[in-house]
Enquirer: 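One structure is given below, represented as structure tokens, and several questions about it will come after.
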Number of protein chains: 2
Amino acid sequence: MPVDNRERILETALDLFYARGYDAAGVQEIAEKSGVTKPTLYYYFKSKYGLLEQLLKSRGEPFLEQLHAACAYRGDLRGTLCAAAGAVSDFAKREPRFALLLVALFYSARDNEAYQAVRPLVLRLQGDVEEIFNEASADLGNMNGRQRQFSLGFIGLVILYLVMKHETEGEKGIEISGEEIEALVHQFMHGIYS
Amino acid sequence: MPVDNRERILETALDLFYARGYDAAGVQEIAEKSGVTKPTLYYYFKSKYGLLEQLLKSRGEPFLEQLHAACAYRGDLRGTLCAAAGAVSDFAKREPRFALLLVALFYSARDNEAYQAVRPLVLRLQGDVEEIFNEASADLGNMNGRQRQFSLGFIGLVILYLVMKHETEGEKGIEISGEEIEALVHQFMHGIYS
DNA sequence: TTCATTCTATACCGAACGGTATAACCTGTC
DNA sequence: GACAGGTTATACCGTTCGGTATAGAATGAA
């Protein structure tokens, strides 16, 4: 009774989904490692899929809100992109395992249940970033409808940085420094305008 | 009897692993869609894991050899990186589904069986690319031991291009043009030297 | 003809899967 | 003292999973 069981289950699910993948992680095991029985798990989450959905919602919602705010265009593409990348970096620092789980799901098989669950989240993320380029195009002249391509590329680049940081530095607290963010954005924009 | 059953099984496995993921794809279904019974599948591949291994070997080996050749340093970092990226592009054009399967596995959960299977392939790939930077450092001065980081970044960037191409153009024949490859390499090196 | 290879059909195995039913227990609130 | 929310233990459900046992049939080479 000390801690919130529901929260513990979510935390354990995050650990296992991250380490083994959604399909390979068993409900039984999640319950056991949470110090809880299976009926308790099903008392809070009506299915394994529901568990993943709730996990994505509870951890993803704050991230999406923060990112959405950071994506507000302030008449400066470079600055806005830095803010967006900074929001991702902040989040990845606070919740490294969840961030990496998102990456894995982002690249996972399209017909897999787990991908269906992240899809709405991914779409909102893409939409927010794309909006930056849409608004920038009003200021900077048309982008020939390549906003989508730009946003995909930018997201991919930020993800790449995350994974690299994780690969070289270990799991605890992925952080991208301010200088690195500016360099990344510079590199990205240089690519765009050349 | 007309076609090679073993090859058909590999092809079907590629399709299903790609579409649904390794864990979610069932052996039974692979056998059925190959027009073959389960014992036949097990006659060629002693386990599901063995099937994945053989798939990675049969499709991956030619790719790795081609890439290895392309990674031979010719006193010109820029040119060598273009050659390496070109080898990836060629391969992705010929075998788009396999290339995308590799990407998904590359980013998948570390403790998953499937990741264990790609690991040797990934290590060889990384090693070949890293070798480019090692040899270049002899010519261009030391890189402060950042060869690994550079190779990870370069690989990630090429992968990002693949996924973007796939996302925007559909699945049949991912191709990266010569100009795009040069731009990509330029962008990457600009990032390095700034 | 013999023989190995390739493959079939069918049927089964034990284990694990996701999920549920039942019935009782604790704890705090009203 | 009644009641609701949270939780337990236990046992079970049907299904699917990866994998196998058995016994035989087609094929082509020696």
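Chain letters run A, B, ... following the sequence lines, proteins first, then strands; residues in each count from 1. Because only heavy atoms are used, hydrogens play no part in the values below, and waters and symmetry mates are left out as well, while side chains stay in.
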Enquirer: Should R6(B) and E11(B) count as an ion pair when the cut-off is N to O under 4.0 Å?
Expert: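 Between E11(B) and R6(B) there is no salt bridge, as every charged N stays at least 4.0 Å from the carboxylate O atoms.
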Enquirer: Just by distance, no angles: are the side chains of E180(B) and Y161(B) close enough, under 3.5 Å, to form a donor-acceptor pair?
Expert: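 Short answer, no.
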Enquirer: Can you tell me how far C1' of dA9(C) sits from CD of E32(B), to the nearest Å?
Expert: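 Distance check: E32(B) CD to dA9(C) C1' gives 14 Å.
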Enquirer: Write down the distance between OH (Y43(B)) and P (dA25(D)), rounded to a whole number of angstrom.
Expert: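 Computing the Y43(B):OH to dA25(D):P distance gives 18 Å.
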Enquirer: Taking protein heavy atoms under 4.0 Å as touching, what does nucleotides 11-21 of chain D look like 5' to 3' if B marks base contact, S marks sugar-phosphate-only contact and - marks none?
Expert: -------BBBB
Enquirer: Step through the shown structure and confirm whether more than 12 heavy atoms of other residues, nucleotides or ligands are within 6.0 Å of CZ on R119(A).
Expert: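 It does not: R119(A) CZ has 12 such atoms or fewer within range.
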Enquirer: Show the nearest heavy-atom pair for residues T12(A) and S34(A), with the distance to one decimal.
Expert: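 Reported closest heavy-atom pair: OG1-OG, 2.9 Å.
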Enquirer: Have a look at G35(A) and say if it touches a base, only the backbone sugar-phosphate, or nothing, with a 4.0 Å heavy-atom cut-off.
Expert: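 Sugar-phosphate contact only.
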Enquirer: Any Lys/Arg nitrogen of E53(A) or K57(A) sitting under 4.0 Å from an Asp/Glu carboxylate oxygen of the other?
Expert: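 Salt bridge flag = no for K57(A) with E53(A).
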Enquirer: When the ring planes of F150(A) and F133(A) are compared, do they come out parallel, tilted or perpendicular, using 30° and 60° as the limits?
Expert: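 Geometry flag for F133(A) against F150(A): tilted rings.
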Enquirer: Side chain of T40(B) only, heavy atoms from C-beta on: which candidate in dG6(D), dT8(C), dT8(D) is closest?
Expert: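 Nearest listed nucleotide: dT8(C).
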